[in-house]
Amino acid sequence: MRQTIQNFQLMAKPSGSVCNIDCTYCFYLEKEHLYPERKQNWRMDNQTLENYIKKNIQAQRADVVDFLWQGGEPTMLGIDFYREAVRLQELYRGKKTINNFFQTNGINLNDEWATFFKEHHFLVGISIDGDRISNDQYRLTRSGKSTFDSVITGVETLKRHKVEFNTLTVVNAKNVQRPLDVYRFLKRIGSRYMQFIPLVERRAAQPDQNGLTLIKPDFSEQCAVEAWSVPAAAWGKFLNAIFDEWAVNDLGQTFVMNFEQTLTKMNGMQSACVINETCGGNLIVESNGDVYSCDHFVYPENKLGNINVTDIADMVNSPQNLDFGARKATHISRDCLQCPVKSVCNGGCPKHRFELSSDGKPNKNYLCDGFAIHLHHVVPKFQRILNLLEKQTTPTRIKREMRTLIKAR
């Protein structure tokens, strides 16, 4: 019997794949091939917006409902779209608390946006890949120019208005070589909560019937890992370099999502879908209302329905989505099942499972070597941190002990 999903998130892409910059590595831009009509009708219309907000609130069992706005670039819709969203949230929320999370490249941010975010308590995520050297490697305008100064102007605008923000950094073949430069830069611009996302994409030699070339893990025809993807071992070393500096200097002051997820998992709680045993609880809704099982699996076979037609809870707990989520546990490599840190990473994201396992099956995570390098380094230290936290040890003393452990290795 399938286990139903009780808690889920439904992230919105109200502008679809429309964006104002042209990141070399963007896996989402080509999704426009799935919706050719979007060239003229790319905006989420008012009815779909209302259904997204009303049905999402109604379907959530918890007293707190999160709304996640991404893209493309969500500022492309203009600020009035989100004023209407807030109005609808207030109309339908009842006694529930509403949180809004807004992921942006920061280029369009100005005083009006920042005032709106502050007034309505939006948490803003800034996509930035590090300092000028790292960020401008792949995150350029459509004419190939730097985006760095515009992003920093947006960050400074948020800071001037005291808007809470965090940073999302895509770790690729270039900035993976500069972990401490990236980490220290993010601290300098005021980021106190960081997310590091490993970039892994394969491209088919020929487009499929939908015009897509960036492919799913079960693709078996001619393809290659893109050159800008992060090497597996380098990913692990990148995280370790940042961990050592964070544990000694910034523990309790700067928060790194990757480390928090591991700590949460080690503490016996549900963590991020990437390292949980199953997935299927982080769905997305496209601008026309189409719902998919995952942001990384926006393919026709992963479409669950449309929010204008189908109840959200029915889509979340449909046999199709439950099977999608359960496959993470059932289609895991033999190497993972024998790995001592399997309980912490659970084979990673299914999107990255295309390497050959020791039994010859293409179900091993491309990043497996990186996870092993990182987790074997940090798990003993995290266990010590958890033990000290149970004893209500101060952050200063924990950092002092971490300094001793890290220097002793």
Side-chain angles (χ1 to χ4, degrees), residues 2 4-19 27-61 65-74 76-77 81-82 84-89 91-93 96 98 100-103 208-212 214 216 273 279-327 350-351:
R2 301 184 186 94
T4 58
I5 297 171
Q6 303 296 322
N7 300 307
F8 67 90
Q9 290 184 324
L10 182 59
M11 179 175 72
K13 299 214 168 201
S15 60
S17 59
V18 173
C19 192
F27 72 93
Y28 218 76
L29 284 176
E30 73 168 11
K31 299 301 182 184
E32 65 184 11
H33 293 301
L34 297 177
Y35 297 99
E37 73 279 5
R38 294 266 188 87
K39 293 181 179 180
Q40 283 75 38
N41 300 312
W42 55 271
R43 300 172 58 92
M44 179 177 281
D45 62 37
N46 291 339
Q47 187 60 62
T48 303
L49 174 63
E50 183 166 1
N51 282 332
Y52 168 52
I53 289 172
K54 177 177 66 174
K55 292 187 175 183
N56 194 23
I57 292 172
Q58 291 173 345
Q60 299 289 349
R61 297 189 179 187
V65 183
D66 294 336
F67 284 87
L68 298 83
W69 307 97
Q70 292 205 10
E73 172 49 41
M76 298 286 285
L77 290 117
F81 178 89
Y82 299 98
E84 176 64 7
V86 169
R87 185 190 72 81
L88 291 168
Q89 289 170 352
L91 176 65
Y92 291 112
R93 72 180 182 88
K96 294 183 178 180
I98 303 296
N100 283 286
F101 302 86
F102 193 94
Q103 190 67 39
D208 67 10
Q209 60 184 2
N210 300 299
L212 304 180
L214 296 177
K216 296 202 302 181
C273 62
C279 52
N282 291 274
L283 301 87
I284 76 152
V285 55
E286 282 281 352
S287 62
N288 72 338
D290 285 349
V291 175
Y292 292 83
S293 291
C294 174
D295 183 23
H296 293 295
F297 285 83
V298 178
Y299 299 96
E301 57 268 40
N302 298 115
K303 179 180 169 183
L304 300 174
N306 188 286
I307 202 168
N308 294 308
V309 178
T310 312
D311 182 78
I312 294 177
D314 290 343
M315 288 187 280
V316 172
N317 284 301
S318 65
Q320 179 182 348
N321 191 53
L322 293 178
D323 286 345
F324 172 86
R327 281 178 61 85
K351 176 189 176 184

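Small disclaimer: the values here were computed from a predicted structure and weren't measured.
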Visitor: Rounded to the nearest 0.5 Å, how far does OG of Ser15 lie from CD of Glu73?
Guide: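 It comes to 7.0 Å.
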Visitor: By side chain to side chain contact (heavy atoms under 4.5 Å, CB included), which residues pair with Asp311, not counting sequence neighbours?
Guide: Ala313, Asp314
Visitor: Treating Arg43 as the side-chain partner and Leu77 as the backbone partner, does any N or O pair qualify as donor plus acceptor under 3.5 Å?
Guide: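 Between the backbone of Leu77 and the side chain of Arg43 there is a qualifying donor-acceptor contact (under 3.5 Å).
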Visitor: Let me see the working for Thr48 and Asp45 under side chain to side chain donor-acceptor pair (under 3.5 Å), right down to the final yes or no.
Guide: CA-CA 5 Å; Thr48 303; Asp45 62 37; 2.8 Å; yes
Visitor: Side-chain contact, heavy-atom cut-off 4.5 Å: Asn317 with Leu322?
Guide: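 The answer is yes; the side chains approach within 4.5 Å.
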Visitor: Decide yes or no for Pro14 and Tyr82: does some side-chain heavy atom of the first lie under 4.5 Å from some side-chain heavy atom of the second?
Guide: yes
Visitor: Say whether, by atom type as modelled, one donor and one acceptor occur between the side chain of Lys303 and the main chain of Tyr292 under 3.5 angstrom.
Guide: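 Not confirmed, Lys303 side chain does not pair with Tyr292 backbone.
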Visitor: Applying side chain to side chain donor-acceptor pair (under 3.5 Å), can you list everything that pairs with Asn306, at least two apart in sequence or on another chain?
Guide: Asp290, Asn308
Visitor: Check the pair Tyr92 / Glu50 against side chain to side chain donor-acceptor pair (under 3.5 Å), numbers first and verdict last.
Guide: CA-CA 9 Å; Tyr92 291 112; Glu50 183 166 1; 2.4 Å; yes
Visitor: Rounded to the nearest 0.5 Å, how far apart are CD of Gln6 and CZ of Arg61?
Guide: 4.0 Å
Visitor: Looking at NZ of Lys54 and CD1 of Ile312, how far apart are the two atoms once the value is rounded to the nearest 0.5 Å?
Guide: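 One gets 10.5 Å once the value is rounded to the nearest 0.5 Å.
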Visitor: Give the C-alpha distance, both sets of side-chain angles, the deciding distance and a yes or no for side chain to side chain contact (heavy atoms under 4.5 Å, CB included) between Val316 and Leu283.
Guide: CA-CA 8 Å; Val316 172; Leu283 301 87; 4.0 Å; yes
Visitor: Can you check whether Asp295 reaches Asn282 side chain to side chain, under 4.5 Å on heavy atoms?
Guide: no
Visitor: Apply salt bridge (charged side-chain N to carboxylate O under 4.0 Å, His left out) to Arg327 and list each qualifying residue two or more places apart in sequence or on a separate chain.
Guide: none
Visitor: Mind checking what makes side chain to side chain donor-acceptor pair (under 3.5 Å) contact with Gln103, not counting sequence neighbours?
Guide: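 Per chain and number, Gln103 pairs via side chain to side chain donor-acceptor pair (under 3.5 Å) with Ser127.
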Visitor: If you define the side chain from C-beta out and look only at heavy atoms, does anything of Val285 sit under 4.5 Å from Met11?
Guide: no
Visitor: Starting at OH of Tyr52, measure out to CG of Leu10 and round the result to the nearest 0.5 Å.
Guide: 5.0 Å
Visitor: Would you say Ile5 and Asn321 make side-chain contact, with heavy atoms under 4.5 Å?
Guide: yes
Visitor: Measure the CG-CD distance between Asn51 and Gln47 for me, rounded to the nearest 0.5 Å.
Guide: 4.5 Å
Visitor: So do Ser293 and Leu304 actually touch side chain to side chain, heavy atoms under 4.5 Å?
Guide: yes
Visitor: Work out which heavy atom in Phe324 is nearest to a heavy atom in Cys279; give both atom names and the distance.
Guide: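 Answer, listing the atom of Phe324 first, then Cys279: CE2-SG, 4.0 Å.
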Visitor: Measuring only between side-chain heavy atoms, which start at C-beta, is Asn56 closer than 4.5 Å to Gln58?
Guide: no
Visitor: I'd like to check the side chain to side chain donor-acceptor pair (under 3.5 Å) partners of Gln9; sequence neighbours left out, ordered by chain and number.
Guide: Asp66
Visitor: Quick check: closest heavy atoms across Lys55 and Ile307, and the distance to 0.1 Å?
Guide: NZ-O, 2.7 Å
Visitor: According to side chain to side chain contact (heavy atoms under 4.5 Å, CB included), who are the partners of Gln89, at least two apart in sequence or on a separate chain?
Guide: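 Once residues adjacent in sequence are excluded, the partners of Gln89 under the side chain to side chain contact (heavy atoms under 4.5 Å, CB included) criterion are Ile53, Phe67, Trp69, Val86, Ile98, Asn100.
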Visitor: Looking at residues at least two apart in the chain, or sitting in another chain, which of them share a ring-ring contact (aromatic ring centres under 6.0 Å, His included) with Phe8?
Guide: none
Visitor: For residues Asn288 and Met44, determine if any side-chain heavy atom of one lies less than 4.5 Å from a side-chain heavy atom of the other.
Guide: no
